[in-house]
Amino acid sequence: MRRIKDKLSTRLMNVCVASLCKAKQLEKAEIVIVDGIRIGLQPDVVTYNTLIAAYCRVVGIDAGYSILHRMKDAGINPDVITYNALIAGATRYSLLSKCLDLFDEMLEMRILPDIWSYNTLMNCFFKFGKPDEAYRVFQDILLKDISVHSATFNILINGLCMNGYTENALMLFRSLKCHGFIPQLVTYNILIHGLCKSGRGNVAREFLNELVESGHIPNAITYTTVMKCCFRYRQFEEGLKIFAEMRNKGYTYDAFAYCTVASMLLKTGRITEANEYLGYIITSGFTLDIVSFNTIFNLYCKEGQLDNAYTLLYEAENGGLESDKYTHAILIDGLCRTGNFQEAQQQLNRMSVTGFDSNLVAWNSFINGLCKTGQLDYATHIFESMDMKDSVSYSTMVRGLCQARRFRAASKLLLSCIRGGMNILKSDKRIVIDGLRSCGLTHEARKVQSKIQMAKLLHY
DNA sequence: GTAGGGTTAG
(Lines give C-alpha, C1' and ligand atoms only; values in the text may rest on other atoms or scores of the structure.)
Protein backbone atom coordinates (compact mmCIF):
# COMPACT_ATOMS: atom_id res chain seq x y z
CA MET A 1 0.00 0.00 0.00
CA ARG A 2 2.74 2.37 1.02
CA ARG A 3 4.68 1.63 -2.20
CA ILE A 4 1.72 2.35 -4.40
CA LYS A 5 1.27 5.64 -2.62
CA ASP A 6 4.95 6.52 -3.17
CA LYS A 7 4.73 5.62 -6.81
CA LEU A 8 1.70 7.80 -7.24
CA SER A 9 3.44 10.65 -5.50
CA THR A 10 6.57 10.22 -7.62
CA ARG A 11 4.39 10.40 -10.70
CA LEU A 12 2.81 13.54 -9.36
CA MET A 13 6.25 15.00 -8.73
CA ASN A 14 7.29 14.08 -12.27
CA VAL A 15 4.27 15.86 -13.72
CA CYS A 16 5.28 18.96 -11.75
CA VAL A 17 8.90 18.68 -12.84
CA ALA A 18 7.87 18.22 -16.48
CA SER A 19 5.65 21.26 -16.56
CA LEU A 20 8.30 23.42 -14.90
CA CYS A 21 10.93 22.13 -17.31
CA LYS A 22 8.65 22.96 -20.21
CA ALA A 23 8.47 26.52 -18.91
CA LYS A 24 12.29 26.49 -18.66
CA GLN A 25 12.06 27.01 -14.91
CA LEU A 26 14.77 24.55 -14.07
CA GLU A 27 15.56 25.97 -10.65
CA LYS A 28 11.96 25.55 -9.55
CA ALA A 29 11.96 22.01 -10.95
CA GLU A 30 15.01 21.24 -8.82
CA ILE A 31 13.27 22.68 -5.75
CA VAL A 32 10.31 20.37 -6.36
CA ILE A 33 12.69 17.40 -6.46
CA VAL A 34 14.50 18.47 -3.28
CA ASP A 35 11.14 18.87 -1.52
CA GLY A 36 10.07 15.47 -2.85
CA ILE A 37 13.20 13.81 -1.47
CA ARG A 38 12.62 15.55 1.87
CA ILE A 39 9.20 13.92 2.21
CA GLY A 40 10.61 10.56 1.22
CA LEU A 41 10.01 10.36 -2.53
CA GLN A 42 12.65 8.91 -4.82
CA PRO A 43 13.23 10.53 -8.20
CA ASP A 44 13.04 7.81 -10.86
CA VAL A 45 14.28 7.36 -14.42
CA VAL A 46 11.44 9.55 -15.72
CA THR A 47 12.40 12.40 -13.41
CA TYR A 48 16.01 12.29 -14.56
CA ASN A 49 15.12 11.92 -18.24
CA THR A 50 12.89 14.97 -18.03
CA LEU A 51 15.68 16.94 -16.39
CA ILE A 52 18.30 15.79 -18.90
CA ALA A 53 16.17 16.81 -21.85
CA ALA A 54 15.46 20.20 -20.29
CA TYR A 55 19.07 20.90 -19.32
CA CYS A 56 20.25 19.96 -22.80
CA ARG A 57 17.68 22.27 -24.32
CA VAL A 58 18.03 25.25 -22.00
CA VAL A 59 21.62 25.18 -20.76
CA GLY A 60 23.74 22.85 -22.84
CA ILE A 61 24.94 19.34 -23.35
CA ASP A 62 27.41 19.47 -20.45
CA ALA A 63 24.60 20.36 -18.07
CA GLY A 64 22.70 17.35 -19.43
CA TYR A 65 25.74 15.18 -18.79
CA SER A 66 26.04 16.30 -15.20
CA ILE A 67 22.46 15.18 -14.62
CA LEU A 68 23.40 11.82 -16.15
CA HIS A 69 26.12 11.52 -13.52
CA ARG A 70 23.72 12.49 -10.76
CA MET A 71 21.37 9.83 -12.08
CA LYS A 72 24.06 7.15 -12.05
CA ASP A 73 25.18 8.20 -8.55
CA ALA A 74 21.61 7.76 -7.39
CA GLY A 75 21.76 4.19 -8.69
CA ILE A 76 19.35 4.68 -11.57
CA ASN A 77 20.31 3.23 -14.93
CA PRO A 78 19.89 5.35 -18.04
CA ASP A 79 17.57 4.00 -20.72
CA VAL A 80 17.01 4.61 -24.41
CA ILE A 81 15.07 7.81 -23.66
CA THR A 82 18.02 9.16 -21.65
CA TYR A 83 20.35 8.64 -24.59
CA ASN A 84 17.88 10.00 -27.11
CA ALA A 85 17.65 13.19 -25.09
CA LEU A 86 21.44 13.50 -24.95
CA ILE A 87 21.81 12.80 -28.68
CA ALA A 88 19.15 15.41 -29.45
CA GLY A 89 21.03 17.83 -27.19
CA ALA A 90 24.30 17.19 -28.99
CA THR A 91 22.53 17.76 -32.32
CA ARG A 92 21.12 21.06 -31.10
CA TYR A 93 24.56 22.26 -30.12
CA SER A 94 26.09 21.04 -33.39
CA LEU A 95 28.33 18.39 -31.92
CA LEU A 96 28.38 15.64 -34.51
CA SER A 97 31.15 13.54 -32.98
CA LYS A 98 29.40 13.71 -29.62
CA CYS A 99 26.22 12.36 -31.25
CA LEU A 100 28.13 9.43 -32.67
CA ASP A 101 29.93 8.77 -29.38
CA LEU A 102 26.64 8.75 -27.51
CA PHE A 103 25.14 6.36 -30.01
CA ASP A 104 28.11 3.99 -29.55
CA GLU A 105 27.96 4.38 -25.80
CA MET A 106 24.31 3.40 -25.90
CA LEU A 107 25.10 0.28 -27.91
CA GLU A 108 27.95 -0.64 -25.55
CA MET A 109 25.57 -0.42 -22.63
CA ARG A 110 23.29 -2.83 -24.50
CA ILE A 111 20.54 -0.31 -24.72
CA LEU A 112 18.58 -1.00 -27.89
CA PRO A 113 18.14 2.15 -30.02
CA ASP A 114 14.53 2.85 -30.96
CA ILE A 115 13.10 4.68 -33.96
CA TRP A 116 13.70 8.01 -32.21
CA SER A 117 17.38 7.27 -31.74
CA TYR A 118 17.61 6.68 -35.48
CA ASN A 119 15.48 9.70 -36.30
CA THR A 120 17.69 11.92 -34.19
CA LEU A 121 20.87 10.51 -35.68
CA MET A 122 19.51 10.97 -39.20
CA ASN A 123 18.53 14.53 -38.39
CA CYS A 124 22.01 15.09 -37.01
CA PHE A 125 23.70 13.98 -40.24
CA PHE A 126 21.40 16.18 -42.30
CA LYS A 127 22.13 19.11 -40.05
CA PHE A 128 25.83 18.64 -40.66
CA GLY A 129 25.38 18.60 -44.40
CA LYS A 130 25.93 14.87 -44.71
CA PRO A 131 22.85 13.68 -46.60
CA ASP A 132 24.52 10.45 -47.73
CA GLU A 133 25.21 9.32 -44.18
CA ALA A 134 21.71 10.38 -43.18
CA TYR A 135 20.27 8.27 -45.96
CA ARG A 136 22.36 5.34 -44.78
CA VAL A 137 20.70 5.66 -41.37
CA PHE A 138 17.33 5.52 -43.09
CA GLN A 139 18.36 2.35 -44.95
CA ASP A 140 19.50 0.92 -41.65
CA ILE A 141 16.05 1.55 -40.21
CA LEU A 142 14.45 -0.34 -43.10
CA LEU A 143 17.04 -3.13 -42.92
CA LYS A 144 16.52 -3.66 -39.20
CA ASP A 145 12.79 -3.69 -39.82
CA ILE A 146 12.16 -1.04 -37.19
CA SER A 147 8.72 0.40 -37.74
CA VAL A 148 9.02 3.97 -38.93
CA HIS A 149 7.30 6.95 -37.44
CA SER A 150 5.75 9.69 -39.56
CA ALA A 151 8.48 11.97 -38.16
CA THR A 152 11.02 9.76 -39.94
CA PHE A 153 9.62 10.92 -43.28
CA ASN A 154 9.35 14.50 -42.12
CA ILE A 155 12.99 14.48 -41.09
CA LEU A 156 13.93 12.98 -44.46
CA ILE A 157 11.98 15.58 -46.42
CA ASN A 158 13.35 18.40 -44.28
CA GLY A 159 16.90 17.11 -44.52
CA LEU A 160 16.71 16.84 -48.30
CA CYS A 161 15.35 20.39 -48.57
CA MET A 162 17.97 21.83 -46.23
CA ASN A 163 20.75 20.16 -48.19
CA GLY A 164 19.58 21.54 -51.51
CA TYR A 165 17.73 18.48 -52.74
CA THR A 166 14.31 20.14 -52.93
CA GLU A 167 13.45 18.22 -56.08
CA ASN A 168 14.15 14.88 -54.39
CA ALA A 169 12.13 15.98 -51.39
CA LEU A 170 9.20 16.74 -53.67
CA MET A 171 9.51 13.37 -55.39
CA LEU A 172 9.69 11.57 -52.05
CA PHE A 173 6.63 13.47 -50.84
CA ARG A 174 4.63 12.51 -53.92
CA SER A 175 5.63 8.88 -53.85
CA LEU A 176 4.96 8.59 -50.11
CA LYS A 177 1.50 10.00 -50.71
CA CYS A 178 0.89 7.40 -53.40
CA HIS A 179 1.83 4.74 -50.87
CA GLY A 180 -0.72 5.97 -48.40
CA PHE A 181 1.35 8.40 -46.32
CA ILE A 182 -0.91 11.12 -45.00
CA PRO A 183 1.06 14.37 -44.79
CA GLN A 184 0.69 16.26 -41.53
CA LEU A 185 0.71 20.00 -41.07
CA VAL A 186 4.39 19.82 -40.15
CA THR A 187 5.12 17.98 -43.41
CA TYR A 188 3.53 20.80 -45.39
CA ASN A 189 5.37 23.43 -43.35
CA ILE A 190 8.66 21.69 -44.02
CA LEU A 191 8.01 21.56 -47.76
CA ILE A 192 6.77 25.14 -47.94
CA HIS A 193 9.86 26.34 -46.10
CA GLY A 194 12.15 24.33 -48.36
CA LEU A 195 10.46 25.61 -51.49
CA CYS A 196 10.55 29.23 -50.28
CA LYS A 197 14.22 28.89 -49.42
CA SER A 198 15.12 27.55 -52.83
CA GLY A 199 13.31 30.42 -54.51
CA ARG A 200 10.27 28.46 -55.64
CA GLY A 201 7.62 30.62 -54.04
CA ASN A 202 5.04 29.66 -56.66
CA VAL A 203 5.26 25.97 -55.88
CA ALA A 204 5.16 26.83 -52.18
CA ARG A 205 1.89 28.63 -52.80
CA GLU A 206 0.46 25.53 -54.48
CA PHE A 207 1.35 23.52 -51.40
CA LEU A 208 -0.27 26.13 -49.20
CA ASN A 209 -3.46 25.49 -51.15
CA GLU A 210 -3.01 21.75 -50.93
CA LEU A 211 -2.50 22.09 -47.17
CA VAL A 212 -5.85 23.82 -46.78
CA GLU A 213 -7.62 21.51 -49.24
CA SER A 214 -6.49 18.46 -47.33
CA GLY A 215 -8.23 19.80 -44.26
CA HIS A 216 -5.31 21.29 -42.32
CA ILE A 217 -5.42 24.71 -40.74
CA PRO A 218 -2.26 26.78 -41.24
CA ASN A 219 -0.56 27.66 -37.97
CA ALA A 220 1.77 30.46 -36.84
CA ILE A 221 4.72 28.62 -38.37
CA THR A 222 3.04 28.40 -41.77
CA TYR A 223 2.26 32.10 -41.70
CA THR A 224 5.69 33.32 -40.64
CA THR A 225 7.35 31.05 -43.21
CA VAL A 226 5.28 32.42 -46.06
CA MET A 227 5.56 36.00 -44.81
CA LYS A 228 9.36 35.85 -44.63
CA CYS A 229 9.38 34.38 -48.11
CA CYS A 230 7.41 37.35 -49.45
CA PHE A 231 9.74 39.86 -47.79
CA ARG A 232 12.76 38.03 -49.12
CA TYR A 233 11.49 38.33 -52.67
CA ARG A 234 10.45 41.94 -52.12
CA GLN A 235 6.72 41.22 -52.29
CA PHE A 236 6.14 43.56 -49.38
CA GLU A 237 2.41 44.15 -49.74
CA GLU A 238 1.76 40.45 -50.09
CA GLY A 239 3.78 39.81 -46.93
CA LEU A 240 1.92 42.49 -45.01
CA LYS A 241 -1.38 40.95 -46.11
CA ILE A 242 -0.26 37.64 -44.67
CA PHE A 243 0.73 39.35 -41.44
CA ALA A 244 -2.70 40.98 -41.23
CA GLU A 245 -4.36 37.61 -41.69
CA MET A 246 -2.08 36.14 -39.05
CA ARG A 247 -3.09 38.88 -36.67
CA ASN A 248 -6.79 38.41 -37.37
CA LYS A 249 -6.52 34.75 -36.63
CA GLY A 250 -4.78 35.41 -33.33
CA TYR A 251 -1.37 33.95 -34.18
CA THR A 252 0.56 37.02 -33.08
CA TYR A 253 0.80 36.11 -29.43
CA ASP A 254 4.37 37.34 -29.10
CA ALA A 255 6.59 40.07 -30.49
CA PHE A 256 8.40 37.89 -33.04
CA ALA A 257 6.34 38.51 -36.14
CA TYR A 258 5.92 42.18 -35.23
CA CYS A 259 9.68 42.63 -35.12
CA THR A 260 10.12 41.04 -38.54
CA VAL A 261 7.51 43.33 -40.03
CA ALA A 262 8.73 46.47 -38.27
CA SER A 263 12.33 45.90 -39.33
CA MET A 264 11.30 45.33 -42.90
CA LEU A 265 9.31 48.60 -42.83
CA LEU A 266 12.25 50.43 -41.31
CA LYS A 267 14.68 49.09 -43.88
CA THR A 268 12.41 50.13 -46.74
CA GLY A 269 11.94 53.59 -45.30
CA ARG A 270 8.31 53.18 -44.18
CA ILE A 271 8.94 54.74 -40.80
CA THR A 272 5.37 55.80 -39.99
CA GLU A 273 4.10 52.26 -40.42
CA ALA A 274 7.05 50.83 -38.47
CA ASN A 275 6.07 53.23 -35.69
CA GLU A 276 2.52 51.89 -35.67
CA TYR A 277 3.61 48.27 -35.30
CA LEU A 278 6.23 49.03 -32.68
CA GLY A 279 3.76 51.17 -30.79
CA TYR A 280 1.57 48.12 -30.67
CA ILE A 281 4.41 46.01 -29.26
CA ILE A 282 4.89 48.57 -26.50
CA THR A 283 1.22 48.78 -25.54
CA SER A 284 0.39 45.11 -26.06
CA GLY A 285 1.97 43.91 -22.85
CA PHE A 286 4.33 41.50 -24.62
CA THR A 287 7.42 41.07 -22.52
CA LEU A 288 10.21 43.01 -24.20
CA ASP A 289 13.28 40.89 -24.60
CA ILE A 290 16.55 42.30 -25.86
CA VAL A 291 15.72 41.73 -29.53
CA SER A 292 12.33 43.42 -29.50
CA PHE A 293 13.87 46.17 -27.41
CA ASN A 294 16.62 46.63 -30.01
CA THR A 295 14.03 46.85 -32.78
CA ILE A 296 12.26 49.75 -31.04
CA PHE A 297 15.55 51.32 -30.03
CA ASN A 298 16.68 51.19 -33.64
CA LEU A 299 13.54 53.01 -34.77
CA TYR A 300 14.19 55.89 -32.36
CA CYS A 301 17.83 56.07 -33.38
CA LYS A 302 17.05 56.02 -37.09
CA GLU A 303 14.51 58.76 -36.60
CA GLY A 304 17.09 60.81 -34.73
CA GLN A 305 15.02 60.75 -31.53
CA LEU A 306 18.05 60.20 -29.35
CA ASP A 307 16.31 61.55 -26.24
CA ASN A 308 13.56 58.97 -26.56
CA ALA A 309 16.15 56.32 -27.28
CA TYR A 310 18.09 57.15 -24.13
CA THR A 311 14.94 57.22 -22.01
CA LEU A 312 13.95 53.81 -23.34
CA LEU A 313 17.43 52.45 -22.68
CA TYR A 314 17.46 53.87 -19.17
CA GLU A 315 14.08 52.35 -18.35
CA ALA A 316 14.99 49.00 -19.83
CA GLU A 317 18.25 48.79 -17.95
CA ASN A 318 16.51 49.72 -14.73
CA GLY A 319 14.05 46.92 -15.44
CA GLY A 320 16.94 44.48 -15.59
CA LEU A 321 17.32 44.15 -19.36
CA GLU A 322 20.96 43.84 -20.38
CA SER A 323 22.02 45.62 -23.54
CA ASP A 324 24.04 43.64 -26.06
CA LYS A 325 26.36 44.32 -28.97
CA TYR A 326 23.38 45.13 -31.19
CA THR A 327 22.17 47.79 -28.77
CA HIS A 328 25.60 49.43 -28.81
CA ALA A 329 25.94 49.29 -32.59
CA ILE A 330 22.49 50.82 -32.99
CA LEU A 331 23.29 53.60 -30.51
CA ILE A 332 26.59 54.45 -32.18
CA ASP A 333 24.91 54.59 -35.57
CA GLY A 334 22.23 56.85 -34.08
CA LEU A 335 24.85 59.14 -32.55
CA CYS A 336 26.64 59.41 -35.90
CA ARG A 337 23.41 60.15 -37.73
CA THR A 338 22.77 63.05 -35.38
CA GLY A 339 26.33 64.32 -35.63
CA ASN A 340 27.41 63.39 -32.10
CA PHE A 341 30.74 61.97 -33.15
CA GLN A 342 32.47 62.76 -29.91
CA GLU A 343 29.91 60.85 -27.92
CA ALA A 344 30.02 58.02 -30.45
CA GLN A 345 33.78 57.75 -30.05
CA GLN A 346 33.47 57.74 -26.26
CA GLN A 347 30.86 55.01 -26.48
CA LEU A 348 33.11 52.97 -28.76
CA ASN A 349 36.05 53.28 -26.41
CA ARG A 350 33.86 52.33 -23.47
CA MET A 351 32.74 49.28 -25.41
CA SER A 352 36.30 48.14 -25.94
CA VAL A 353 36.95 48.47 -22.23
CA THR A 354 33.82 46.57 -21.21
CA GLY A 355 34.80 43.71 -23.45
CA PHE A 356 32.34 43.80 -26.36
CA ASP A 357 34.75 42.16 -28.72
CA SER A 358 32.60 41.92 -31.83
CA ASN A 359 32.02 45.63 -32.25
CA LEU A 360 33.20 45.71 -35.84
CA VAL A 361 29.74 46.75 -37.00
CA ALA A 362 29.82 49.71 -34.64
CA TRP A 363 33.25 50.82 -35.84
CA ASN A 364 32.09 50.50 -39.43
CA SER A 365 29.09 52.63 -38.58
CA PHE A 366 31.43 55.22 -37.12
CA ILE A 367 33.72 55.46 -40.14
CA ASN A 368 30.65 55.57 -42.35
CA GLY A 369 29.31 58.51 -40.36
CA LEU A 370 32.63 60.31 -40.59
CA CYS A 371 32.87 59.73 -44.34
CA LYS A 372 29.35 60.92 -44.96
CA THR A 373 30.07 64.18 -43.18
CA GLY A 374 33.32 64.68 -45.09
CA GLN A 375 35.67 64.00 -42.14
CA LEU A 376 37.93 61.88 -44.32
CA ASP A 377 41.16 62.30 -42.38
CA TYR A 378 39.47 61.44 -39.12
CA ALA A 379 37.86 58.40 -40.81
CA THR A 380 41.21 57.29 -42.27
CA HIS A 381 42.84 57.62 -38.89
CA ILE A 382 40.19 55.47 -37.25
CA PHE A 383 40.25 52.97 -40.12
CA GLU A 384 43.99 52.54 -39.79
CA SER A 385 43.78 52.07 -36.04
CA MET A 386 41.14 49.35 -36.29
CA ASP A 387 42.66 45.96 -35.49
CA MET A 388 39.83 44.13 -37.26
CA LYS A 389 38.48 45.14 -40.65
CA ASP A 390 36.10 43.42 -43.03
CA SER A 391 34.84 44.09 -46.55
CA VAL A 392 32.31 46.59 -45.20
CA SER A 393 35.11 48.62 -43.59
CA TYR A 394 36.99 48.74 -46.90
CA SER A 395 33.87 49.45 -48.94
CA THR A 396 32.95 52.31 -46.65
CA MET A 397 36.37 53.92 -46.86
CA VAL A 398 36.70 53.43 -50.61
CA ARG A 399 33.29 54.97 -51.13
CA GLY A 400 34.07 57.84 -48.79
CA LEU A 401 37.36 58.65 -50.53
CA CYS A 402 35.62 58.63 -53.90
CA GLN A 403 32.93 60.97 -52.63
CA ALA A 404 35.70 63.35 -51.60
CA ARG A 405 37.15 62.85 -55.10
CA ARG A 406 40.34 61.38 -53.61
CA PHE A 407 40.46 58.71 -56.28
CA ARG A 408 44.15 57.96 -56.03
CA ALA A 409 43.85 57.17 -52.34
CA ALA A 410 40.69 55.17 -53.05
CA SER A 411 42.41 53.08 -55.71
CA LYS A 412 45.38 52.46 -53.44
CA LEU A 413 43.05 51.21 -50.73
CA LEU A 414 41.05 49.13 -53.19
CA LEU A 415 44.23 47.44 -54.39
CA SER A 416 45.43 46.67 -50.89
CA CYS A 417 42.00 45.26 -50.17
CA ILE A 418 42.16 43.02 -53.23
CA ARG A 419 45.66 41.91 -52.32
CA GLY A 420 44.33 40.85 -48.95
CA GLY A 421 41.79 38.64 -50.68
CA MET A 422 38.89 40.75 -49.48
CA ASN A 423 36.01 41.22 -51.85
CA ILE A 424 34.03 44.43 -51.90
CA LEU A 425 30.89 45.34 -53.79
CA LYS A 426 31.19 45.50 -57.55
CA SER A 427 29.50 48.90 -57.58
CA ASP A 428 32.21 50.29 -55.28
CA LYS A 429 34.97 49.04 -57.59
CA ARG A 430 33.14 50.71 -60.46
CA ILE A 431 33.06 54.06 -58.65
CA VAL A 432 36.85 53.97 -58.28
CA ILE A 433 37.52 53.12 -61.93
CA ASP A 434 35.04 55.69 -63.23
CA GLY A 435 36.44 58.28 -60.85
CA LEU A 436 40.02 57.69 -62.00
CA ARG A 437 38.91 58.02 -65.62
CA SER A 438 37.00 61.22 -64.95
CA CYS A 439 40.23 62.74 -63.63
CA GLY A 440 42.14 61.66 -66.69
CA LEU A 441 43.98 58.93 -64.79
CA THR A 442 43.27 56.33 -67.48
CA HIS A 443 46.48 54.44 -66.91
CA GLU A 444 45.70 54.02 -63.21
CA ALA A 445 42.14 53.00 -64.06
CA ARG A 446 43.36 50.30 -66.41
CA LYS A 447 45.81 49.04 -63.78
CA VAL A 448 43.05 48.71 -61.20
CA GLN A 449 40.82 46.95 -63.70
CA SER A 450 43.45 44.40 -64.59
CA LYS A 451 44.23 43.75 -60.93
CA ILE A 452 40.53 43.09 -60.33
CA GLN A 453 40.47 40.67 -63.25
CA MET A 454 43.58 38.95 -61.97
CA ALA A 455 42.12 38.56 -58.51
CA LYS A 456 38.98 37.06 -60.03
CA LEU A 457 41.05 34.46 -61.88
CA LEU A 458 43.02 33.64 -58.77
CA HIS A 459 40.10 33.35 -56.42
CA TYR A 460 37.53 31.54 -58.51
C1' DG B 1 11.97 13.85 -29.92
C1' DT B 2 10.71 16.24 -36.88
C1' DA B 3 8.69 22.43 -39.03
C1' DG B 4 8.98 28.77 -38.52
C1' DG B 5 10.28 33.51 -36.43
C1' DG B 6 12.73 39.02 -34.59
C1' DT B 7 17.66 43.24 -33.71
C1' DT B 8 23.28 46.52 -36.05
C1' DA B 9 27.14 48.95 -40.50
C1' DG B 10 28.67 49.69 -46.64
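Letters A, B, ... are given to chains in the order of the sequence lines, protein chains preceding strands, and every chain is numbered from 1. Side-chain atoms are counted along with the backbone in the values below, which use heavy atoms only and exclude waters and symmetry mates.
- Looking at heavy-atom distances under 4.0 Å, Ser395(A) makes contact with a base.
- Within the 4.0 angstrom heavy-atom criterion, only backbone atoms of the sugar-phosphate kind lie near Lys267(A); the bases stay farther away.
- Residues meeting the salt bridge (charged side-chain N to carboxylate O under 4.0 Å, His left out) test with Arg57(A), sequence neighbours left out: none.
- Under the salt bridge (charged side-chain N to carboxylate O under 4.0 Å, His left out) criterion, Asp79(A) pairs with no residue, sequence neighbours left out.
- With a heavy-atom cut-off of 4.0 Å to chain A, the contacted part of DNA chain B has its first and last nucleotide at dG1(B) to dG10(B).
- Across all strands shown, Asn49(A) has no heavy atoms under 4.0 Å from either base or sugar-phosphate atoms.
- Here Ser391(A) lies in heavy-atom contact (under 4.0 Å) with a base.
- No engagement by Asp428(A) is indicated, since no non-hydrogen atom pair under 4.0 Å with the nucleic acid exists.
- Phe207(A) does not carry Arg200(A) over the face of its six-membered ring by the limits of under 6.0 Å from the centre and within 45° of the normal.
- Under the rule for a salt bridge (charged side-chain N to carboxylate O under 4.0 Å, His left out), Glu105(A) has no partner lying at least two apart in sequence or in another chain.
- Remark: Arg205(A) engages Glu238(A) in a salt bridge (charged side-chain N to carboxylate O under 4.0 Å, His left out) (not counting sequence neighbours).
- At a threshold of 4.0 angstrom between heavy atoms, the contacts of Ala220(A) include nucleobase atoms, whether or not backbone atoms are also involved.
- Residues forming a side-chain contact (heavy atoms from CB on, under 4.5 Å) with Tyr135(A) (at least two apart in sequence, or on another chain): Phe138(A), Gln139(A), Leu156(A).
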